Amino acid sequence: MANPIEQLGERGVVPVVKIENADCAPGLADALIAGGLPCAEITFRTAAAEDAIRSIAKSRPDLLLGAGTVLSVSQAKRAVGAGATFLVSPGFDPKVVDWCRKNAIPILPGVATATEILMALDAGLTILKYFPAEALGGVRMLESLGAVFAGVKFVPTGGVTASNLAAYLRLPAVHAVGGTWIATAKAISAGAFEDITRLTGEAVAIVRSERKSGGWV
Ligand code: 3PG
């Protein structure tokens with residue numbers, strides 16, 4: 001099976017999730033699956049993250065499951081122990097990246113500058129989160145970075161929504177995009193799973209129309 005981070009490229013979109021109550025995790029997973037996007041990055045921004053990952057890993061093994069906002073080696077260990085198959089970090093922490101390399105855990109570290117991209121390349125990583133994408137200059141900035149760093153693929157996250165998703169996906173340097181707009185913390189807590197399924201389906205339709213030539217969707 002392909003590396004989970006490579007598989008994100010086939011999905012095109014990674015729902016970034018902040019979950020306050022792990023009991024909502026199966027409903028969230030089912031809503032994403034029903035919308036056609038069996039994939040989620042559960043962020044370590046709440047106390048429920050670890051249990052939510054454990055719950056989805058156990059009950060929905062086909063969902064491509066990652067842990068986000070991983071800020072330390074100890075969080076990385078907890079995330080993997082709970083069943084996350086890839087890790088995402090907002091920045092490039094050499095300690096976390098080293099631990100992932102030694103343990104063969106796929107990691108998507110965040111970069112915001114050319115210097116950080118060089119650090120990631122030095123660590124052997126070529127698929128990188130670009131965060132916070134819109135605030136950093138969005139599509140224009142990624143065009144500039146993509147022109148310099150041939151072979152690097154980005155997952156822009158931060159300020160991506162259904163309205164600018166297509167513009168990001170059109171960039172050759174974009175692997176996939178990440179964002180919270182599909183499954184907001186509010187919608188998850190409220191159990192608004194039909195809304196999540198609808199927004200998931202909308203995102204999948206945009207990926208399909210931008211990638212008519214094939215791919216996973
Ligand atoms: C992240 O966790 O990567 C970002 O905070 C998501 O940003 P968004 O809420 O603008 O999608």
Side-chain angles (χ1 to χ4, degrees), residues 4-5 8-9 11-20 24-25 28 31-32 35 37 39-50 52-53 56 64-72 75-76 78-79 82 84-93 96-97 100 106-113 116-117 120 125 127-142 145 153-169 171 173-190 192 195-196 198-204 206-207:
I5 289 176
L8 297 181
R11 265 95 174 148
V13 176
V14 188
V16 176
V17 173
K18 180 178 163 198
I19 188 160
E20 303 284 355
C24 299
L28 162 71
L32 295 171
L37 191 57
C39 174
E41 172 195 327
I42 311 283
T43 60
F44 265 70
R45 290 186 211 161
T46 65
E50 192 176 346
I53 291 169
I56 295 174
L64 187 57
L65 183 62
T69 323
V70 173
L71 305 178
S72 66
Q75 278 181 335
R78 285 169 53 205
T85 61
F86 67 94
L87 304 182
V88 186
S89 173
F92 185 92
D93 180 341
V96 173
V97 170
C100 287
I107 169 105
L108 189 66
V111 295
T113 65
E116 290 159 10
I117 295 169
L125 299 169
I127 304 177
L128 308 171
K129 171 169 170 161
Y130 183 65
F131 175 79
E134 277 293 285
L136 288 170
V139 167
R140 277 194 64 205
M141 181 74 165
L142 273 176
L145 289 170
K153 293 280 183 187
F154 297 97
V155 181
T157 308
V160 182
T161 65
S163 59
N164 56 13
L165 171 60
Y168 278 103
L169 290 173
L171 298 178
V174 166
H175 183 64
V177 309
T180 58
W181 88 95
I182 289 173
T184 63
K186 201 170 155 198
I188 297 168
S189 294
D195 290 344
I196 293 172
R198 179 177 48 77
L199 291 169
T200 305
E202 269 175 33
V204 168
I206 293 169
V207 176

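Just so it is clear, the structure is predicted and the values come from calculations on it, not from any experiment. Along the sequence shown, residues are numbered consecutively beginning with 1. For ligands, and for the atoms within them, numbers begin at 1 and follow the listed sequence.
For Leu142, the side-chain contact (heavy atoms from CB on, under 4.5 Å) criterion is met by Tyr130, Phe154, Pro156, Tyr168, Leu171, Val174, not counting sequence neighbours. With sequence neighbours left out, the side-chain contact (heavy atoms from CB on, under 4.5 Å) criterion links Ile53 to Ile42, Phe44, Leu65, Ala67, Ala82, Ala84.
Although no hydrogens or angles enter the test, the distance criterion places a donor-acceptor pair under 3.5 Å between the side chain of Asn164 and the main chain of Gly159. Under the 3.5 Å distance criterion, the side-chain polar atoms of Ser89 are left unmatched by any main-chain donor or acceptor of Pro109.
Residue-level contacts of ligand 1 at the 4.0 Å heavy-atom threshold are Val16, Arg45, Lys129, Phe131, Thr157, Gly158, Gly159, Gly179, Thr180.
For residues 179-188, no residue pair satisfies the side chain to side chain donor-acceptor pair (under 3.5 Å) rule, not counting sequence neighbours.
Summarising the geometry of Ala203 relative to Val13, their closest heavy-atom pair is CB-CG2, 4.5 Å, with the distance given to 0.1 Å.
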